[in-house]
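All of these numbers come straight from a predicted model, not from anything done at the bench. These numbers come from the heavy atoms of this one structure, side chains and all, not from hydrogens, waters or symmetry mates.
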Amino acid sequence: MMKNETLCIASPSSEFPEDFFTEQERKQGGLIIHFLIILYMFLAVAIVCESYFIPSLEVISERLGLSQDVAGATFMAIGSSAPEFVTVFLGVFVTKGDIGVSTIVGSAVYNLLGICAACCLLSLSVSRLTCWPLFRDCVAYAISVAAVIAITFDNRIYWYESASLILIYGIYIVTMCFDIRINQYIMRRFSPCCTCCREAMVGNTEHEPLLGWKEDSLPVIRRHSRSDSGIFQEESDYSQLSISLSGLKESSNNPPSVFTMPENDLKRIIWVLSLPIITLLYLTVPDCRRKRWKNLFILTFLMSAVWISAVTYILVWMVTVVGETLSIPDTVMGLTLLAAGTSIPDTVASVLVAREGKGDMAMSNIVGSNVFDMLCLGVPWFIKTVFVDRSAPVEVNSSGITYTTISLLFSILFIFVAIHLNGWKLDKKLGVMCLLMYLLFVTLSILYELGIIGNTAIVMCGD
């Protein structure tokens with residue numbers, strides 16, 4: 001009979017400043033303030049994403065000629081994953097935290113199943129998907145998971161191992177540059193495998209207002225969303241059209257002022273409450289939707305990522321305080337509240353584009369964010385092992401590595417198979433399936449970390 005082991009990990013609250021209320025004050029009503037701050041931070045993330053972050057992505061994609069899925073897997077994934085990137089840096093250089101099972105499994109599985117469920121259930125229409133982008137991103141994610149698992153297996157990270165993660169992500173980005181050519185090559189070589197995917201997309205009426213695009217019977221790619229949309233593609237009669245990801249907007253170069261009061265009563269109340277956020281963003285982030293600021297789209301993108309990181313940090317801090325005040329076990333909190341909290345920007349951004357009918361962009365952001373989250377671990381590790389402390393490797397915790405691997409790989413396999421069986425569309429049925437699977441994963445993970453299943457009980461240091 002195997003003997004149960006106990007693993008001690010740091011409490012999530014140790015990575016945040018001391019709360020402005022004592023525990024007694026929070027229990028006597030101060031917790032309401034925390035809930036209000038959490039709701040306000042949700043509102044702030046939504047405003048940043050809708051008014052600045054996504055519009056900057058549209059301009060970037062228009063200038064580089066990126067397709068929706070490539071934009072979602074690269075710029076959108078990097079920008080919306082900025083909070084995780086900052087958290088990794090804090091964990092390596094400030095709090096000296098390890099990569100726990102709850103952090104990796106919780107965030108990654110929520111990104112895949114939780115956000116996919118949100119996109120399906122909150123979208124007003126059914127979005128059609130393309131086979132190649134999802135297949136490409138799923139393969140990239142599987143490789144990134146395998147790479148992280150391989151280098152953390154001995155609990156030590158050396159400089160060449162961290163450099164290999166950065167190299168893999170670099171290869172992933174370069175692959176995106178030649179996405180269309182690789183797509184065409186794969187389709188030609190494995191056309192029998194892809195036929196079912198093309199048949200599933202017959203009658204595609206994806207809600208993209210791409211007026212003026214030509215349709216024909218090319219068997220390789222849907223021309224209106226994939227062909228001639230890569231960086232290194234030749235010009236054609238339709239690739240010269242200046243069309244952003246949200247449709248034809250030439251008629252409204254300057255949207256209404258952010259200080260214009262809405263006519264709807266509920267929207268007017270929300271607008272008044274959000275005026276402090278709107279004013280701060282107006283003063284610090286150039287609105288690239290306006291003609292005079294359009295050339296500053298890179299600054300808009302970077303400042304949006306900064307604001308997203310700052311707001312998410314406050315959001316996760318408040319969620320952590322609420323969880324501890326309500327005596328929610330920290331291991332449970334890491335798999336649920338904190339995992340969802342750090343992924344709020346991904347959730348908001350993906351739901352917003354899914355509601356516009358851009359299914360490929362939403363799914364590419366979901367999977368692409370996970371690829372970035374995994375491989376961005378190499379950046380702080382590389383800096384620490386090369387420039388800060390070259391005498392010793394970075395120490396990490398890789399306990400439960402088998403469970404982690406199975407969970408992550410099975411979740412990505414489930415997403416791909418479920419979407420295929422659902423006819424390559426995002427609808428309510430797929431949303432319910434993903435939600436149920438996510439709840440199952442969370443339940444099993446909590447049971448694992450509490451030591452009810454498995455041989456390792458995970459507790460907080462000092463308990």
Open item on the list: Using a 6.0 Å cut-off, check whether atom CH2 of W271 has over 12 heavy atoms from anything other than its own residue.
Closed with: yes
TODO: Look at the side chain of R268 and the backbone N and O of P262, then say whether any donor-acceptor pair between them is shorter than 3.5 Å.
DONE: yes
- [ ] Go through the steps to decide whether Y282 and F259 satisfy the test ring pair (Phe, Tyr, Trp, His ring centres under 6.0 Å), and finish with yes or no.
- [x] CA-CA 9 Å; Y282 179 80; F259 296 107; 5.0 Å; yes
Task: Donor-acceptor pair, side chain of K425 and main chain of R128, under 3.5 angstrom - done: no
- [ ] Look up atom CG in L296 and atom CG in D287, then write down how far apart they are to the nearest 0.5 Å.
- [x] 11.0 Å
Open item on the list: With a 3.5 Å distance limit and no angle check, can you tell me whether T312 reaches the backbone of S309 through a side-chain donor-acceptor pair?
Closed with: no
- [ ] Measure the spacing between CZ of F372 and CG of N111 and express it to the nearest 0.5 Å.
- [x] 12.5 Å
- [ ] Please assess Y438 against F441 for the test ring pair (Phe, Tyr, Trp, His ring centres under 6.0 Å), listing each intermediate value before the final yes or no.
- [x] CA-CA 5 Å; Y438 174 64; F441 265 112; 8.3 Å; no
Task: For the student: nearest non-hydrogen atoms of T300 and C288, plus distance - done: OG1-CB, 3.7 Å
Task: More than 12 heavy atoms from other groups under 6.0 Å of CZ on F135 - done: no
Open item on the list: Hydrogens and angles aside, do T325 and R26 bring a side-chain donor and acceptor to less than 3.5 Å of each other?
Closed with: yes
Task: Expected output: side-chain Y52 to main-chain R289 donor-acceptor under 3.5 Å - done: no
TODO: Could you tell me whether a side-chain N or O of S56 sits under 3.5 Å from a main-chain N or O of F297, the two making a donor and an acceptor?
DONE: no
Open item on the list: Quick check: closest heavy atoms across L273 and P276, and the distance to 0.1 Å?
Closed with: O-CD, 3.4 Å
Open item on the list: Looking at E25 and T22, would you say the former's side chain and the latter's main chain have a donor-acceptor pair under 3.5 Å?
Closed with: yes
TODO: Give the minimum heavy-atom separation between D137 and V367, together with the two atoms involved.
DONE: O-CG1, 3.3 Å
TODO: Taking atom NZ of K428 as the centre, report whether more than 12 heavy atoms of other residues, nucleotides or ligands fall under 6.0 Å from it.
DONE: yes
TODO: Can you see which heavy atom on S274 is nearest to which on L43, and at what distance?
DONE: CB-CD2, 3.6 Å
TODO: Verify, without hydrogens or angle tests, whether N264 (side chain) and L266 (backbone) share a donor-acceptor contact under 3.5 angstrom.
DONE: yes
Task: Ion pair check, R156 and D154, cut-off under 4.0 Å - done: no
TODO: Would you check if the side chain of S51 reaches a backbone N or O of V48 as a donor-acceptor pair within less than 3.5 Å?
DONE: no
- [ ] Could you check D346 against S350 for side-chain hydrogen bond (donor to acceptor under 3.5 Å, both in side chains), going step by step and ending with a plain yes or no?
- [x] CA-CA 6 Å; D346 289 312; S350 295; 5.8 Å; no
Open item on the list: Using only atom types and a distance under 3.5 Å, with no angle test, would you say the side chain of T385 pairs donor to acceptor with the backbone of F382?
Closed with: yes
Task: Point-to-point distance, once rounded to the nearest 0.5 Å, from CG of D360 to CG of L129 - done: 5.5 Å
Open item on the list: Can you tell me how far apart CD (E58) and CZ (F53) are? Round to the nearest 0.5 Å.
Closed with: 11.5 Å
Open item on the list: Is it the case that the ring center of F20 lies less than 6.0 angstrom away from the ring center of H34?
Closed with: yes
Open item on the list: Apply ring pair (Phe, Tyr, Trp, His ring centres under 6.0 Å) to residues W307 and F301 and explain how you reach the verdict.
Closed with: CA-CA 10 Å; W307 272 108; F301 175 78; over 10 Å; no
